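Working notes for the structure below.
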Amino acid sequence: MPLGETLAYLAGLVDGDGYFKVSRAYRTPGTVHPYYATTVGVSQLWPGEAVRVFAATFGGVVMDPKKISVGRLMARCELRGSKAESAARRLLPFLQLKRELAILLLEIGRLRPRRRLRVRERGAACVLMEGVRQALRSSHDGTRPTGKLVSSRLSLEGYQELTPEQLGWTREQLLSYLAGIIDSDGNLRIERKRVRGMIGPHYRINIRCGQVLPSRAVELLAKTLGGHVGLRSSRRQNGRNLATGSFNNRRVKLPFRRLLPISW
């Protein structure tokens, strides 16, 4: 698969099962200013073939499932430091849901002070990085918009709002991204329908996908396959509503076989 399509697929995977994280640590007891470490990770149920593709593409390692999971085994790969920032930069043009998080993570790399800077300058940089870290943490639960911090870089102002058409995605990259979304937050079923007057039942292929509202990925899936986006209200007190889509092979505009060579 060409690199652009692979990155588009992995962006769909990260939009569903991935995460961006910035952690703060004091490396030694005498450290004055903390170090801010960046992490990009993906986690799926074992054996997680898609996680292996993520690790092979960005130079990571699939972690031992026995050490990171209790109960059901999980496949996980985490990239840290320069590898994490390189992966975020390469995935950025294809991300739809977590593009702002990737920009915030890259902001840490831009603000990280050099060793030769004065103590006062390093402290000022740490204050800015702490603000980015708090924004990234708040954005995980959707309680705080990240637009103000993201737009502080003039070169990226408005970038998080660009559509796939404006970003110049090819048709193959679009399908690769949707395959990543289906592999992360979707499922494929074979439905059996009984029709009056027919001797035997009718079987049809069905794709379902659900993500937390708002979801540009589910909207893009519905636009491409010719369906519509539904709403599933959460029954939990603090739960979040879901955007859902259901597509079968009798109604969609795109043949399902176009997605098969892409999905891992």
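Sequence positions, counted from 1, serve as the residue numbers for this chain. From a predicted model like this one, the values you see are computed outputs, not experimental measurements.
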| task | Return yes if some donor-acceptor pair links the side-chain N/O of Glu85 with the main-chain N/O of Arg80 below 3.5 Å, else return no. | result | no
| said: Please determine whether a side-chain nitrogen of the Lys or Arg among Lys98 and Glu100 lies less than 4.0 Å from a carboxylate oxygen of the Asp or Glu. | reply: no
| field | Donor-acceptor under 3.5 Å (Ser138 side chain, Gln134 main chain) | value | yes
| Flag side-chain contact, heavy atom, 4.5 Å: Val132 against Tyr36 | no
| request: In sequence, state the C-alpha distance, the side-chain angles, and the governing distance for Glu78 and Val40, and then conclude on side chain to side chain contact (heavy atoms under 4.5 Å, CB included). | output: CA-CA 6 Å; Glu78 289 189 344; Val40 178; over 6 Å; no
| said: Does Phe94 form a side chain to side chain contact (heavy atoms under 4.5 Å, CB included) with Trp169? I'd like the steps, not just the answer. | reply: CA-CA 8 Å; Phe94 300 104; Trp169 289 17; 3.7 Å; yes
| message | Hydrophobic clustering (ILVMFWY, side-chain heavy atoms < 4.5 Å, transitive) - are Leu73 and Val61 grouped together? | response | no
| Looking at Cys77 and Ala55, what are the two nearest heavy atoms and their distance? | SG-CB, 3.7 Å
| field | Shortest non-hydrogen contact from Cys209 toward Val218 | value | SG-CG2, 4.1 Å
| remark: Hits for ring pair (Phe, Tyr, Trp, His ring centres under 6.0 Å) against Phe58, two or more places apart or cross-chain, chain-then-number order -> Phe54
| field | Sequence-distant partners of Thr170, side chain to side chain contact (heavy atoms under 4.5 Å, CB included), two or more places apart | value | Glu172, Gln173
| Can you find a pair of side-chain heavy atoms, one from Arg171 and one from Leu174, that are under 4.5 Å apart? | yes
| task | Check step by step if side chain to side chain contact (heavy atoms under 4.5 Å, CB included) holds for Arg112 and Thr38. | result | CA-CA 11 Å; Arg112 186 178 289 118; Thr38 52; 3.9 Å; yes
| task | Could you tell me which non-hydrogen atom of Gln44 sits nearest to which non-hydrogen atom of Ala50, and how far apart they are? | result | OE1-CB, 3.6 Å
| query | What residue pairs, at least two apart or across chains, pass side-chain hydrogen bond (donor to acceptor under 3.5 Å, both in side chains) with a residue in residues 212-221? | reply | Gln211-Ser215
| Should Thr39 and Leu79 be marked as a side chain to side chain contact (heavy atoms under 4.5 Å, CB included) after you check the CA-CA gap, both sets of side-chain angles, and the distance that decides it? | CA-CA 6 Å; Thr39 302; Leu79 307 171; over 6 Å; no
| message | Test your reading of the model: is there a side-chain donor-acceptor pair from Gln166 to the backbone of Thr163, 3.5 Å cut-off? | response | yes
| query | Quick check: does any side chain N or O of Arg133 sit under 3.5 Å from a backbone N or O of Met129, one acting as donor and the other as acceptor? | reply | no
| field | N-O pairing of Glu107 and Arg89 below 4.0 Å | value | no
| request: Mark yes or no for whether Asp15, through its side chain, and Leu97, through its backbone, hold a donor-acceptor pair below 3.5 Å. | output: yes
